[in-house]
Amino acid sequence: MFPLSEILASADAGYRNYLAKKTGFVLATHNKDQLLHFWLHITKDFENHEQHRAMTAEQTNALQTLLSSFGYLPPKKTTTEHLALEEQTAWIFRHPQGGIFLPLEVFKSLMRRNDKLFQPYLFSLLYNLKLKEQHNLASLIGGDIQAQLSLTFEVHPLDMALVLYIWFAGKHLSGEAVLPEKGRILTGPWSFLRETKPQPEPSPKLLPQNPVPLWDYLREHFSHQLVEIEELRHHIKTSRKGFYRPLGLVKNPQGAFSKMFRQGFLIPLPGRTWNHGANADDIQVVCPREIYLRHEELRKKENNQKNHMSGKS
């Protein structure tokens with residue numbers, strides 16, 4: 001994940017020439033005011049640009065791959081379709097080290113779009129939370145030193161959503177975020193430190209690709225935590241403090257379903273009659289699209305490895 005402003009600060013003449021040809025904006029210096037004008041130029045172009053509404057199936061798939069990679073595809077994962085998308089799209093750029101990327105600043109524009117293409121992704125789901133809920137989520141995950149140093153409490157929902165998006169993206173890209181059934185990821189999405197006892201296989205429905213009713217989902221997949229589930233529901237109804245603050249009041253903060261929300265595997269979707277929790281039953285839950293796709297790929301890879309090993313034995 002890269003802010004375009006940081007890349008520009010250290011860009012060489014060749015890369016600045018590329019940007020000038022692509023955007024029609026010549027960057028003569030690294031002056032902050034000029035960088036600001038450059039960024040306003042890019043965002044204005046994005047806001048007025050409706051190209052993504054008329055994308056071909058190939059372009060849409062290429063964009064979804066980029067979004068599912070949290071905005072950056074390294075050279076080894078960049079296909080001819082991705083390179084074509086970069087050439088045809090004003091707000092997707094080549095990276096100085098290779099590959100293509102979607103600048104962090106562009107995510108703030110993507111958050112505000114209601115297009116179905118963008119809505120299932122983590123950045124949109126975080127922005128759709130109320131600012132108070134965003135702050136409560138930051139407080140919930142801000143217990144360790146790393147979070148305290150990384151998370152800031154912004155006064156605008158766009159900025160707060162971006163802070164949370166960067167945090168969760170870092171956790172998933174580094175492999176620190178893991179499903180409760182799994183062991184700890186060591187070096188990335190494919191390497192695990194297994195527990196000494198065999199761990200149960202996660203249900204394919206553990207990560208809901210589409211919104212599902214919250215309480216039915218929790219009772220189905222975390223039946224061993226029925227006490228905590230009812231405790232959460234009670235706190236939501238009585239406190240009327242939203243969702244994340246009551247979640248922090250559950251007695252077992254390290255429980256499985258609590259970790260799912262703390263690590264961004266699940267995002268709550270309050271309904272129209274939610275009213276800060278007065279109607280605690282009007283809430284759904286969904287897994288952000290990029291996280292769902294990453295772990296579906298992991299599950300398929302593990303199954304292929306098991307089948308391969310079974311064929312050898």
Side-chain angles (χ1 to χ4, degrees), residues 1 65 67-72 74 77 120-123 125-126 137-151 163-210 212 214 217-225 228-229 232 243-244 247-248 250-268 285-307 309:
M1 304 183 66
T65 304
L67 293 175
S68 297
S69 300
F70 296 100
Y72 173 63
K77 291 187 176 181
Y121 288 95
L122 179 61
F123 54 84
L125 293 170
L126 290 171
L137 174 55
S139 297
L140 182 70
I141 62 181
D144 60 66
I145 297 298
Q146 182 185 4
Q148 292 173 14
L149 295 174
S150 302
L151 295 172
V163 167
L164 291 167
Y165 180 69
I166 293 171
W167 168 260
F168 282 123
K171 289 293 184 182
H172 285 271
L173 287 170
S174 68
E176 291 184 55
V178 294
L179 292 172
E181 287 86 347
K182 293 290 186 181
R184 178 176 175 77
I185 292 181
L186 287 178
T187 58
W190 317 127
S191 303
F192 290 90
L193 174 63
R194 298 296 184 183
E195 304 293 342
T196 54
K197 295 182 179 179
Q199 297 296 302
E201 283 295 317
S203 165
K205 297 181 181 179
L206 181 64
L207 299 179
Q209 185 177 12
N210 298 304
V212 295
L214 171 66
Y217 166 84
L218 291 179
R219 289 165 186 149
E220 176 183 355
H221 295 283
F222 303 96
S223 57
H224 61 292
Q225 288 190 276
E228 288 97 331
I229 293 170
L232 173 61
F243 177 82
Y244 287 110
L247 181 63
V250 174
K251 292 179 182 178
N252 182 13
Q254 299 303 316
F257 77 78
S258 180
K259 285 184 176 180
M260 295 282 282
F261 286 102
R262 290 170 185 262
Q263 297 186 113
F265 287 104
L266 300 173
I267 301 292
V285 67
V286 70
C287 176
R289 183 172 180 80
E290 58 268 62
I291 295 174
Y292 174 85
L293 292 176
R294 285 175 71 84
H295 285 271
E296 275 297 290
E297 187 177 355
L298 168 60
R299 188 169 66 87
K300 291 177 182 178
K301 186 178 181 70
E302 286 196 316
N303 287 338
N304 289 337
Q305 290 175 342
K306 287 180 182 178
N307 293 336
M309 294 302 294

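Hydrogens, waters and symmetry mates play no part in the numbers below; they use all other heavy atoms, side chains included. For the single chain, residues carry numbers from 1 onward in sequence order.
- Just one residue in the list Ile141, Val285, Leu232 forms a side chain to side chain contact (heavy atoms under 4.5 Å, CB included) with Phe261, and that residue is Val285.
- Summarising the geometry of Val286 relative to Asn210, their closest heavy-atom pair is CG2-C, 3.7 Å, with the distance given to 0.1 Å.
- How far OG of Ser68 is from CD of Glu297: 9.5 Å, rounded to the nearest 0.5 Å.
- The CG atom of Leu247 sits 6.0 Å away from the CZ atom of Arg262 when rounded to the nearest 0.5 Å.
- A donor-acceptor distance shorter than 3.5 angstrom exists from the side chain of Ser174 to the backbone of Lys171, with no hydrogens or angles considered.
- What you find for Phe243 and Leu214 is that their closest heavy atoms are CE1-CD2, 3.9 Å.
- Using the six-membered ring where Trp is involved, Phe70 and His172 have ring planes that are parallel, under 30° apart on the 30 and 60° scheme.
- Proximity of a side-chain donor or acceptor of Glu290 to a complementary backbone N or O of Leu122 within less than 3.5 Å is detected.
- The distance between the ring centers of His221 and Tyr217 falls below 6.0 angstrom.
- The distance between the ring centers of Phe257 and His224 does not fall below 6.0 angstrom.
- In this structure, the side chains of Arg289 and Leu125 stay at 4.5 Å or more apart for every pair of heavy atoms.
- Within the 4.5 Å cutoff, the side chain of Ser223 has no heavy atoms near those of the Ile229 side chain.
- No donor-acceptor pair closer than 3.5 Å links the side chain of Gln263 to the backbone N or O of Leu179.
- With rounding to the nearest 0.5 Å, the separation of CG in Leu266 from CG in Leu218 is 8.0 Å.
- Between the CG atom in Leu206 and the CZ atom in Phe265 there is a gap of 9.0 Å [rounded to 0.5 Å].
- Side-chain contact between Pro288 and Ile267 is present, with heavy atoms from C-beta onward closer than 4.5 Å.
- For Gln225 (side chain) and Ala256 (main-chain N/O), a donor-acceptor pair under 3.5 Å exists by modelled atom type.
- Atoms CG and OH, on Leu207 and Tyr292 in that order, are 8.0 Å from each other to the nearest 0.5 Å.
- Under the 4.5 Å side-chain criterion, counting only non-hydrogen atoms from C-beta, Leu126 is not in contact with Trp167.
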